[in-house]
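Reminder, nothing fancy here: chain letters follow the sequence lines and each chain counts from 1.
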There are 2 protein chains.
Amino acid sequence: MPAKRRDQREQEVATSERLLDTAERLFAEFGFDGVGMRALADEAGVNLGATTYHYGSKEKLYVETFMRRFRPTNAARLEMLQRAEKLAEGRPLAVETIVECMLRPPFMTVLKYPNFPGLLARNLFMPPAFLRAELEKEQGMALQIFAVALAKALPQLDPQILQLRLIFGGGSLLMVAGQMTRLGLRESPTHCEATLGALIQFISAGLRAESPTIPGLELPKFTAPRSRRH
Amino acid sequence: MPAKRRDQREQEVATSERLLDTAERLFAEFGFDGVGMRALADEAGVNLGATTYHYGSKEKLYVETFMRRFRPTNAARLEMLQRAEKLAEGRPLAVETIVECMLRPPFMTVLKYPNFPGLLARNLFMPPAFLRAELEKEQGMALQIFAVALAKALPQLDPQILQLRLIFGGGSLLMVAGQMTRLGLRESPTHCEATLGALIQFISAGLRAESPTIPGLELPKFTAPRSRRH
DNA sequence: CTCAATTTCATACGAACGTATGAATTGAGG
DNA sequence: CCTCAATTCATACGTTCGTATGAAATTGAG
């Protein structure tokens, strides 16, 4: 069973990669339902049939388009946290350090792949039904790990409040990611770094805010997908 | 020129309203491109032609669906701020007060109309091209006014940083709005109020964070729409 | 050179899309 | 009762949708 045949002499990048790159750009801008397979194939310069041949269906292509960036980014966050913890040798990590571990990898991904922010915002805010499962699997554990690390850094903070504040912070990250191009953060790495720093400051301060035991707050499990259509 | 004829004896709500309500639900869940006019008309129990008759086009219906909620919500924010300022009689407002004026009206709208969060998240994060103009017009001024009020409450804060942090806070609001149903905040006003309180705390603390003069940060005007397709 | 697997390509299918059209239906005013 | 504007409704238009099909072309191994 032969695998990849086409050599690299005439073709700069393989068809499947070209499809993924184009899908990243178009899906990020117009969303799943806003992009047709024909437009996608045309922009990628490949035949329409190549889409089903390489990815089976539009939904699978969409999932793979997102996961190709999301998976390594998420892995990098965990690695960065582990490295920080190893470096600390038992001493508790600063909140800023943990937050930076959460934010820097996505920021770097966003800086490297200009169309990723759109995907990120779309899929984390209002994920299509067919993406929910794989998404939950990938990010659920990471979120849990960071919640534990932060709980260690903020022992006096109610875990429920912490979970809520993590959601708040995630919203901030998504917002700035989604508007990155609009903010002109792509032209200069300096701006980007400065913005990342400001975001770390903002979220860390929010996490540290003293919480006067809000009564009656009782958060559910944060699972429970819903879906209709598709 | 007669206007509304059909009396209210047999029809609970008018056709145009039924269309808006259904549009709110479906657009919130599936987005503009994810909803067909036929499905919309069917779920609303009206004829397909009624959609073009009452709203002219799908885009106009979409804009009106969103603006019907967004306009009064935004107005309420400004009114609440004005009331607070009048009540303060010249004394500077607390950051928490200003932030509450920004957050409470949307929260109330979200509590009253369960499908509004979806619209809000979709349209503020990744607004369709045809909505950008009307959106900018509606929220641009409000954001400016709140930025001024906050600058007065935080005189030592760099305005650039403030603007950035406002974006962060907006992300937090959108995130929690978009996940409101998922978080189970709809069943109990107590949870909702508690979450609102936690969000006010979080954002206020983030706004207050001391900013060690991040060098090289230079934010652009925050305008510049892009668009292709449609 | 041959062969078989891999990849490309043109084409076609039925369904759904947004919108336009004009005929029925409705109901208050003359 | 008749009129007429407002509204509803059935139907049809051209287009685009996602996917399937099978023949052509390409490729590396033997």
For A:Leu19 and C:dC9, what is the distance between atoms CG and P respectively, to the nearest whole Å? 11 Å
Residues passing the ring-ring contact (aromatic ring centres under 6.0 Å, His included) test with A:Phe146, sequence neighbours excluded, are none
Stems in DNA chain D, runs of 3 or more consecutive Watson-Crick or G-U wobble pairs with both distances under 3.5 Å, sorted by first number, are C:1-28 with D:3-30
Please name all residues satisfying salt bridge (charged side-chain N to carboxylate O under 4.0 Å, His left out) with B:Arg71, sequence neighbours left out, ordered by chain then number. B:Glu64, B:Glu134
Is any side-chain N or O of A:Asn47 closer than 4.0 Å to OP1 or OP2 of C:dA10? yes
List in chain and number order the residues that pass salt bridge (charged side-chain N to carboxylate O under 4.0 Å, His left out) with B:Arg68, two or more places apart in sequence or in another chain; answer none if no residue qualifies. B:Asp21, B:Glu24
Can you list everything that forms a ring-ring contact (aromatic ring centres under 6.0 Å, His included) with B:Phe168? Sequence neighbours excluded, please. A:Phe202
Identify, with sequence neighbours excluded, every residue that meets side-chain contact (heavy atoms from CB on, under 4.5 Å) alongside B:Pro105. B:Thr73, B:Ala76, B:Arg77, B:Met80
If you restrict it to nitrogen or oxygen atoms, what contacts under 3.5 Å exist between nucleotides 18-20 of chain C and the protein, and what is each distance?
from, atom 1, to, atom 2, distance (Å)
C:dG18, OP1, B:Val35, O, 3.4
C:dG18, OP1, B:Lys58, NZ, 2.4
C:dG18, OP2, B:Met37, N, 2.6
C:dG18, N7, B:Arg38, NH2, 2.3
C:dG18, O6, B:Arg38, NH2, 2.6
C:dT19, OP2, B:Lys58, N, 3.0

Looking at C:dT6, I'd like to know if its phosphate oxygens (OP1 or OP2) sit under 4.0 Å from a side-chain N or O belonging to A:His54. no
Sorted by chain and residue number, the salt bridge (charged side-chain N to carboxylate O under 4.0 Å, His left out) partners of B:Glu100 (sequence neighbours excluded) come out as B:Arg104
Taking the side chain as everything from C-beta on, heavy atoms only, tell me whether B:Asp33 gets closer than 4.5 Å to A:Phe32. no
Separation of D:dA23 atom C1' from A:Tyr53 atom OH, nearest Å, is 15 Å
Partners meeting ring-ring contact (aromatic ring centres under 6.0 Å, His included) with A:Phe116 (sequence neighbours left out): none
